A.B. asks: 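Dropping the structure in here first, questions after.
Please read all numbers here as calculations on a predicted model, not as lab measurements. Residue numbering restarts at 1 for every chain, and letters A, B, ... go by the order of the sequence lines. Hydrogens, waters and symmetry mates are skipped; everything else that's a heavy atom, side chains included, is used.
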Amino acid sequence: MNVSAKKTQAETKRASEKSEKGKPLKRRVGKETRRWGAGAFQALIQNLSEMLLVFDDQGMVSFEAPSCAKTLGYPEGYFVGRSPFPLVHPEDLERVLKDFDDALHHREDQLPTVFRFKKADDTWALLEAVAENLMDHPDVCGIVITLRDITERRRAEERQQEVEEHYRMLFHATQDVIYTVLPDMTLESVSPSVETVLGYKPEEIVGTSLNDFLHLSAGSFDQAVSRFTKISSGTGIGPTEYRAIAKDGCEKILEVVSTRLMREGQFIGLTGIARDVTEKRRTEERLHINEERFRNILQNMDSGYFEVDLKGNLIFFNQALGDFLGYSEEELTGMNFRTFMDPAEAKKVFGIFSQVYLTQEPMKNFYWQFTRKDGTKTHSVASAYLFRDACGEVAGFRGTARDVTELKQMEEALRGQEETFRALTENSLDLIARFDRHYRMLYVNPIIGRVTGSVPQDWIGKSIDEFAYPAPLVDQWKSSIGRTFETGSVQRAEYLLPGNVWTDCLFVPEFNIDGEVKAVMVSARNITRHKRALETLKESESRLADIIDFLPDPTFVIDTAGTVITWNRAMEEMMGVKAADIVGKGDYAYALPFYGEKRPILADLVLRAEKEVEEKYLGVSRQGERLFGISHIPDLKGREAFLWGTAAPLRNSEGRIVGVIESIRDITQGKQVEKELHLAKEAADQANRAKSDFLANMSHEIRTPLNAIMGMAELGLDLDLPQEAMDIVHTVNREADHLLHLINDILDFAKIEAGRLELESIAFDLSYLMDNMAGAFAFQAGQKGLEFLSYLEPEVPTRLVGDPGRLRQILVNLVGNAFKFTREGEVCVTVALVADDDTQATLHFSIRDTGIGIPGDKQEKIFESFTQADGSTTRKYGGTGLGTTISKHLVELMGGRIGLQSEEGGGATFWFEVPLGKQRGQAMQSEPDRMTLRGRSCLIVDDHAVNRQILRGYLASWGCGVLEADGGEAALAVLAKEQAAGRGIDLLLTDHQMPDMDGFDLAEAVKGSDHWKNLPVILITSAGNVGDGKRCRDAGLQGYLTKPLRKNDLSRAIAKTLYTPAASGQTLVTRHSLAESTHRAIRILLVEDYPTSRQIALKHLTDAGYTVEMAEHGKQALEAWQSRPFDLILMDIQMPVMDGYEAAKRIRETEVLSAGGSPSPEGVMRRVPIVAMTAHAMKEFAVRCLEAGMDDVLTKPFRRRTLLEVVERWAGSGGGDMSSRPVMWPASAEGASPTTIFDWAKALAEFDGDREFLKGVVTEFVEAVKEQLAAIPQALASGDLESVCRNAHSIKGGAANLTAVELSEAARVLESLGRSGHPEGLQAGIEGLHRAFDRFVGEWKHAMNDE
Amino acid sequence: MRILVVDDETVSLRKMEMIMKYYGECHLARDGESAIAAFVRAWEDWYPFDLITLDMVMPNMNGDVVLDKIRGLEKEKKVPEDRRVKIIMVTGQSDSDTVLACIQRGCNEFVAKPFDRAIVQAKIAHLYPQLDVS
């Protein structure tokens, strides 16, 4: 920087200052000084910041302002009297002196001089001096020089200049475009660089609007404007990119940084720098694309890519590496390489990396074994390179790793396989060799040594022609090898090698990659032994064939494929087919001669079981592997034949089935014999059936007269005959009885033998059955003077289902036997319960007697046909001996068992156990007993404990208190005791036959006592003796009953005894009297054509007090019945004019029709019971009778007792006894038992068989009753008895119409209770109705299920 | 024949219906009032019932009352005796007093509950001798 330049500037500056401020300071000071006076001037000087020096004309300082010393660092007053010029910088001194001189001599204002002046501290200060010549001034007289230190200013100026220069340089030199823009967006200035950037010269564009020259693209302009606004408003400054269009039309990307220009708070424009970043951006884009590309490549390549830093930490890697190592990206990031290497491998790999680092050469394809996350090892091939950071410093290693685990494994496997093949070949027992196209041996395995005695090396490389083998063999081999080469297919041949060795040779082509045969592999197996065995086999086979051929039975052999192998001569003869025509044929050809069709036969069944085939035989049986079958051939060479075949598999030495041999025998003759036998048997069976039929018919024919004989005998017994005649009648009576038993037994036996004995399954009452049976023996017991006891244990259910007739028969047989063989003592029947469940009860019946007993050795035989313990007993005791046999059969038919215990002379106990069904609703069994003896007490006197027990049971059931005595004396003692205790007794029941004091004696004693003379006494006797009645009346007894005593009889007798007013009490109550009174009112129509039978029945009935009319046949009966009502019709079946069936049918029909007669109180004509009387003992007849509308069947011949029982049952002296009627036969369609809950079948009949209609009705009914049952208690609660009755009435009617007798009855009870005006019983009635309804619904559901 | 069966109790009603439908068009009524209403309507339609079976015991109005009313209506309308509807009383009470009373009040027949087809058929045969029962 030269001084002149500075001077110029300073001058310029001064000029401008002058123009602004007027006069310079020193002039003003002078004027002021003059005006203010010396004091003020002095003060001014003192405080002047500018240095003021006054020089004399010698150039010495005459005055100095204090500021001079202060500014320049010299002591005050230092310059006074001195010349300061030596302190001026030597370079400036000359100029300073000249200027001083000028100032001295020219009195005009001098331009300021600038010079360097040494300061006290030896540094240079730049001073500006202005001199004023005041030589003429009176006060001053010198030159005043004002100095100003401009060091700092000058420095700043210099800096400013430097900066400006710098900017100028920049402005001109920069590649960036520097510009200023006015607020109106006019370009004010722009650096020349704009030309390089946009192609415009600055002068072309300065003064134009920014958008005129920039041609900013649309978006860019808006951006620029918004930005401009932002900048101008003072918000947001920063680099922004714009896209501008250059002069040549290219788009340029400019990065612009702008800032506001402010002057005095006013916005005056923008200045900014725009840089051309087009290239940079393009490069960046390219880089980005490249990077993307590489990333893609990296991520998608199969090999793992890694970058590790020098410490081995993974800094970058691709997906494949993660997959390969089994780690996720997150896990892998930053992980050290050691993590997936075992230490040894790590050492190896770091060695490699060190090498790469040192040599700076990449390492390619080295093996690297990684350890995966799961611990498995990988085999991989890896490469490693160095990589450098941006500064070119080595930053780590990068490289790839490729998984070759599979490859490695395959390699190993292949190597292993090779080893295996080699081992196999080397150790093979087959000779294996390889030949080339020139028949040279390329390889042979060591077995050659065994064949030839020389090692493979002796052979390999030699041509086959060189082998010392016979020419034919060599030729054979050559031809095989040659053919293999030619055809490329496997050849096979058997060759005989020297030394008599047979070989099975396989020639296998070996192809090269072009598919040409490059070698032939030969494998030769020694089959010498096999060959030999085959020959032996052939020999033995032909021997076997000879043997088979020789067999007399037709025999053939097939192989597993069904081809006939052997067909022997016997076969040829039987079938007429020559072996030559059939051997070798398959497809079931062998079946043709048998069946005329090709189908599997017995031999095939050996190979495969086929049911269809088996069924074609008359029977196939097996015995181990062998099959036997009989076949019927309708046409075997013109005749019918039965063939018996046996077939078995043929096995080879290994046990494998290789064929089947079948041998056949003609059994036609044998079969015919069998057939005849069968026919004979059928004929015999037929004859047997005929016999049974004959017996059945015979029995009927015999029965009719027998009925007459028995009846007459019974009547005769009642006559007053002379003793001799009476004996005769007795005998006739007894023998007739015997004969009847015999006939019955024989008939049963015949039925059993013919298998025609069928059991019923019907509901019955066991207690009734027992009573009835006991009644039948009572007379016999009395006659023989035996005690007869019959006892049902209380827990035994009595409402059972089974065959009561047969059960009774068994009992009668066994009890009859017991009586037969017992002369004194007792016969006791007990029934006990063995097992019991919901549906079935097993009962144990035992019949114990005190008779002669049965010796042990005879016991087994007792149940066999026609056997009694001793032949002589038959004569002595009578009987066929069939009774026990029949009993045994019956018991077994019932599914039970029978047996006996006995000792000879010690009595016998026969027992049997049978299962019997239980009737549903067993709980109902104990029918409500109307009689109550509650609060009363009775004394039972009997020497027999069992009898007392029975009586006690009966009485207790009526609530009666019981006292007991085992004899007359004891009884009197009891009476005395009671009398003493002041207690009363209401009744005395005493047995008649007792030791010491019998019943009569006791009764007389009682009647004779004062206290007890009015005690009612009922005598029970085992046998009615003539005159007993009179004796009773004489003794004043009230009742006289015979054993066995039925509960009903006892109940009625007691009732009559206790409740009959004493005034009318002269009558004696007996069973007869109980009945007789009612009998007279009962009208019976007896229909019987056989006069004797009619006569007998008439007598029996009239004797019992019944009113009887008679008819001789059905027609008469019908007429009689139509003219007047009867309570019972006894109807014979076989009658002239009209039989019993027809008559019954007509009566039933008429009943229905005549129901339309005039209204009667009953509304319907009463249905008359009809009991059939038939000599047919077969069940079928009974069923027919019932079907014809009859109610019961009485089998002829019958005893008076039986007849009267049946009559009693059906003509019923009292309606109350209805419930005790046993249902001996299936309830007929007409009559429903009073306890019928619901009879679906009958209801269905009522509804015309319309099931759906009936179902609908019942469903409706059930719903209605449910509502009514709910309404009844409410009505009762509100006292509306009428409503209760009406509902009950409605249920009664509905239920009756549905044959729901029980429900109807329950409703009726409730209704009548309601109407009776005694509502006390209503609650019970309602409960009863509920129960009945529940049962009805249950039964209904049951019926629906059965449907 | 046009028949009206009157019964409050389902089973009897349906059973009677079943029997009666063989004889003709069968209508049902479950109480006395609707029975009378049905009778009146049929008469007004010029298509009167030929036969009515009438249950004796019903809620609200008993059969004998219904019988009285019907006979009363007929007398009112001066229906000649031979063209009056035939009425069969159906009842569970079959004591002679009841039966006698009904007959005196004008019923033609009397069926006791439980009834069956044969009984009813016999009664109808008695009422209509010319009908072929088979």
A.B. asks: Does Glu1119(A) have more than 12 heavy atoms from other residues, nucleotides or ligands lying within 6.0 Å of its CD?
C.D. replies: yes

A.B. asks: Which one of Asp7(B), Asp8(B), Thr10(B) satisfies the side-chain contact (heavy atoms from CB on, under 4.5 Å) criterion with Ser1290(A)?
C.D. replies: Asp8(B)

A.B. asks: Take a 6.0 Å sphere around NZ of Lys21(B) and say whether it holds more than 12 heavy atoms from other residues, nucleotides or ligands.
C.D. replies: yes

A.B. asks: Step through the shown structure and confirm whether more than 12 heavy atoms of other residues, nucleotides or ligands are within 6.0 Å of NZ on Lys1255(A).
C.D. replies: yes

A.B. asks: With a 6.0 Å cut-off (strictly less than), is the heavy-atom count around CD of Glu1142(A), excluding the residue itself, greater than 12?
C.D. replies: yes

A.B. asks: Calculate, to the nearest 0.5 Å, the distance between atoms CZ and CD belonging to Phe1253(A) and Glu17(B) respectively.
C.D. replies: 5.0 Å

A.B. asks: Just verifying a value: how many Å separate Glu9(B) CD and Gln1268(A) CD, rounded to the nearest 0.5 Å?
C.D. replies: 7.0 Å

